[in-house]
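Below is one structure, written out as structure tokens; comments come after it.
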Amino acid sequence: MKVAVIVFPGSNCDRDLYHALRYVGLEAEYVYKRRDLDEFDAITIPGGFSYGDYLRPGAVAAREEIGEEIKREAGKGKPILGICNGFQILVEMGLLPGALLQNPSGKFTCKWIEIEVVDNQTPFTSLYKPGERLRLPIANGFGRYVKGNLEPRVVFRYTEDINESDDLIAGIASQDGNILALMPHPERAYQRILGGEDGLRLFQSLKLFLEGKRSVSK
Amino acid sequence: MSTERRGYRFAIDIQYKSHIRDPRGETIRRVLNEKEGLPVKSLRVGKSIHIEVEANGEEEALRVVEEACKRLLVNPVVERYEVRKL
Amino acid sequence: MSTERRGYRFAIDIQYKSHIRDPRGETIRRVLNEKEGLPVKSLRVGKSIHIEVEANGEEEALRVVEEACKRLLVNPVVERYEVRKL
Amino acid sequence: MRYIEKLRKALGREPTFVELQAFNITWSEHCGYCHTKEYIKELPGVKRELNAGIVELGNGYVASFKIESHNHPSAVEPYNGAATGVGGIIRDILAMGTRPTAILDSLHMHTINQGIISGIADYGNSIGVPTVGGELRICEEYRYNPLVNVMAVGIGKSEDILPSKANSSDEVIIIFGAPTGRDGIGGASFASRELKEEEEKIHIQVGDPFMEKLLIEAFLRMNEEKLLTGAQDLGAGGVLSATCELMSKGNFGGIVYLDRVPLREPDMEGWEILISESQERMAVVTTRDKVKRILEIVKEFMLYGDVVAELNESGIYKAVFKGKTILEVPAKLLTEAPIEPTFRYEPPPMPSFDKVKISFEDVDAHEVFEQYDHMVGTDTVIAPGTGTALMRIKGTKIGYALVVHSRADLADLDPYWGTYIAVLESLRKIRAVGGKPLGITNGVNYGDPDVDPERLAAMMMGLKRGAEELKIPVVSGNASLYNTFKGKAIPPTLIIGMLGKVEDVESVPLGFKPSRIYAIGWSNFDRRREELLLRTIDYCVSKGYKVYSSSRLMTKTFEEALARQGFKLELWGLPQVERAHQMVIVFADEPIETIAPPVVEVGKLC
């Protein structure tokens with residue numbers, strides 16, 4: 001079972017994501033340039049500042065050639081995970097609805113927050129219970145989720161209004177559930193020494209899914 | 001009438017669609033009202049991109065700018081834009 | 001000729017002064033050139049502020065906007081600006 | 001130009017325009033360390049290089065760390081001044097062959113300047129290096145001369161370490177990174193003269209964190225593939241400083257072909273290319289056979305680069321542009337700036353500090369450091385606000401504690417004792433998380449040394465004595481002088497950056513838990529009791545108690561951090577302490593009696 005970690009110019013949480021995947025026993029590999037992603041069992045897009053987030057976060061990265069490969073794998077229903085900048089890229093690619101706008105404060109914010117699990121029927125959330133509250137860190141300047149004209153499939157909600165996101169949305173999935181994107185950083189909460197380990201089960205859920213142990217209703 | 005290839009300069013004014021709230025604009029408006037005492041009724045902050053394009057005429061140059069907006073510069077989900085000549 | 005008080009709308013186009021480098025604009029230009037193949041010679045990204053001001057006439061409204069720019073909206077060390085009527 | 005007479009004598013003739021521009025930079029205080037070089041030589045140090053210093057962490061790991069200031073640019077344009085300050089110190093760490101892993105910022109301002117904060121935040125967050133600690137000093141004295149000192153830390157394996165010099169005459173120098181423009185021309189010399197009120201149209205340096213991230217990854221890739229034999233970042237003085245330092249430190253000369261420097265503004269003059277301070281550029285030394293692969297990596301990371309200089313045995317630094325030689329002088333002449341006389345300073349007995357004029361506001365710093373990503377890299381073990389920063393190295397038990405600390409309030413009254421006490425207080429903070437001190441980096445921030453040389457000497461002596469007595473080497477440093485406005489100088493501000501090794505990061509008490517709170521130690525300062533205080537701190541850490549050492553005993557930031565972790569802090573009144581004291585706060589889940597220094601129970605955490 002091999003997981004791709006897509007590295008765009010300017011991504012900076014790729015190594016953190018790689019470590020979290022390896023920590024739960026998954027094999028991971030960095031993908032720097034366009035190549036066939038068929039050999040991977042899951043695809044992950046890390047946080048960071050792809051292309052410096054110079055126009056809009058994720059705008060340029062979303063139009064990279066590798067995007068075609070990611071869309072092809074999405075079409076096959078392969079599990080795809082986008083964290084922070086990864087969420088912004090997936091939205092700019094049109095694989096998920098809505099947009100991520102600047103935080104109301106106009107400032108970058110890095111702190112631990114609390115989210116609630118709304119939907120655990122995805123390859124990444126089977127080990128969480130609906131309604132369960134998790135402590136995860138956020139670190140972003142553009143974390144305010146705004147719904148476009150399509151109603152998203154909500155997976156995580158903030159338990160209080162931290163950035164005026166519509167419906168307190170912190171994470172959404174594609175309608176078929178295989179693509180998950182969230183603004184908080186689970187890869188920064190995979191060991192107690194870092195301040196919390198509520199993010200660990202997200203990676204463990206993926207491992208279980210890939211091992212086919214846990215049949216996940218579509 | 002073919003004109004030789006030269007640079008044409010435009011400004012693209014990109015703003016959030018009106019139904020999208022702009023908290024930062026509201027904060028700045030409040031500072032101008034309350035702290036500076038200026039009669040500002042509303043304020044919204046968007047992007048202004050100055051772009052120079054190489055083309056054989058103004059229409060062709062405008063088409064390139066429109067193409068750049070469609071492909072990259074504007075996010076149609078939340079933004080609208082206007083192009084003016086510089 | 002006193003006109004009654006009403007709203008006047010302007011757009012303030014704020015850009016870095018020309019001798020100040022704009023890395024964001026350079027990166028986006030490069031992407032449009034190299035990745036999208038569009039003949040963009042130069043590109044700079046600035047702010048576009050849409051402001052509505054309450055005043056007794058256009059001149060007074062314009063004075064308020066200039067005051068807002070001087071006091072808060074523009075950093076004179078690195079930025080220049082232009083105001084146009086909306 | 002300050003040393004024009006010395007230059008005429010050295011050249012034996014009138015200097016040319018380009019020579020004036022060149023020596024105006026390499027002999028500036030900023031690059032030449034004229035007033036501080038001799039003091040620095042006296043400091044107990046591991047290595048005499050002015051580049052980042054290296055200390056051994058064990059298991060083949062080394063840490064590099066250095067502090068650098070960007071005061072003048074931040075006074076003129078806070079956002080870009082602070083941002084490029086971060087970029088510069090990160091490249092210094094990178095040039096040693098280490099991956100940058102942490103940033104700490106020491107800010108002295110008259111108010112929280114959001115421009116400076118966002119400059120540091122946007123740059124540090126974008127390149128993915130966590131800002132894990134710092135100090136926020138708010139007081140009126142720094143209204144016209146804010147101090148922005150940034151300490152950066154890097155981790156690497158000892159075999160990856162690169163010298164900042166050329167090694168043989170058949171090597172070449174490649175410059176790569178961002179293209180060169182007219183940024184900050186006059187930057188280095190501008191930093192060494194007093195700020196006039198109305199700055200005419202000066203070329204400000206603008207930061208490009210995206211380019212810096214590409215530069216970091218490209219450089220580390222080159223080093224992984226063993227393609228480099230030396231490196232030097234391009235900072236103040238640009239191509240000139242980097243290439244002449246690489247040459248003269250290796251006792252070589254060389255020819256610099258300015259036409260080969262990738263340009264952003266094609267119409268630049270040769271001398272402009274030579275001294276431009278465009279950011280996000282690096283100079284690397286290599287052998288010809290490796291050039292092709294290095295330039296491939298440069299291209300792969302969307303950067304610009306080319307072979308710009310060839311080494312030779314002549315010892316002459318020759319710069320050529322459009323076939324014409326525009327500069328030809330001994331490399332050593334460029335890099336050996338004139339030395340100003342130093343002063344032998346004998347410290348008086350410690351004064352009482354109750355007559356101190358300056359006091360810093362107790363400000364909750366969450367509003368500042370919440371804008372910094374302190375977690376990226378997933379190696380931050382103790383977060384900002386809760387005491388001394390502590391980082392780990394994955395795959396090992398090693399931890400490294402990081403502190404930046406200064407006492408300009410004390411130094412204003414007595415520069416020697418203020419600096420000396422800052423060194424001691426920094427060590428307490430390192431020991432508070434079980435760290436063993438490995439080295440000091442120092443950030444000198446001072447007024448005009450020509451008007452007041454004695455207090456500079458006093459400050460440097462305070463650092464020297466402190467480091468010697470505690471047996472901690474000073475491995476790197478930086479000096480920012482002429483921080484004056486209309487003749488009024490800032491208080492002598494020497495910032496201590498200290499790194500300490502923690503043998504087993506898992507064994508250090510990390511989180512807080514419901515406990516009794518004790519104030520242990522003395523409310524005044526007596527040097528003879530310091531070792532006893534340090535042993536007490538070690539004892540508490542070994543018993544798993546959390547120790548917090550601060551000149552204010554408790555701070556708003558620390559109390560807010562405890563509240564955010566859901567704790568209720570009950571204090572029955574802290575002892576009154578003098579400005580210089582020897583007291584720490586200890587959180588223990590059992591009563592403490594059997595300790596030499598006085599112990600007072602002052603509250604509880606629940």
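Naming convention: chains lettered A, B, ... in sequence-line order (proteins, then strands); numbering from 1 in each chain.
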Partner chain A: residue of [options] with the largest heavy-atom pair count (under 4.5 Å):
options                                : answer
D:Gln565, D:Gln371, D:Glu212, D:Glu217 : D:Gln371
D:Glu300, D:Met211, D:His374, D:Arg392 : D:Arg392
D:Val381, D:Asp208, D:Asp373           : D:Asp373

Test item: side-chain donor near acceptor, [X] and [Y], under 3.5 Å:
X        : Y        : answer
D:Tyr548 : D:Thr386 : no
A:Ser50  : A:Asn85  : yes
A:Gln88  : A:Arg56  : no
A:Thr109 : D:Glu370 : no
A:Asp16  : A:Tyr190 : no

Next on the checklist: Donor-acceptor pair, distance only, cut-off 3.5 Å: does the side chain of A:Asp198 make one with the backbone of A:Arg135?
Outcome noted: yes
Is chain D contacted by the side chain of [X], its backbone, both, or neither, given a heavy-atom distance below 4.5 Å?
X        : value
A:Arg188 : both
A:Tyr51  : both
A:Ser105 : neither
A:His185 : neither

Is [X] in contact with chain A via its backbone, its side chain, both, or neither, using a 4.5 Å heavy-atom distance?
X        : value
D:Ile127 : backbone
D:Thr378 : both
D:Tyr372 : backbone
D:Met302 : side chain

Checklist entry - Which heavy atom in A:Gly143 sits nearest to a heavy atom in A:Asn103, and how many Å separate them? => result N-OD1, 2.8 Å
Checklist entry - Of the options A:Glu29, A:Glu69, A:Glu73, which is the one that meets A:Arg35 in a salt bridge (charged side-chain N to carboxylate O under 4.0 Å, His left out)? => result A:Glu29
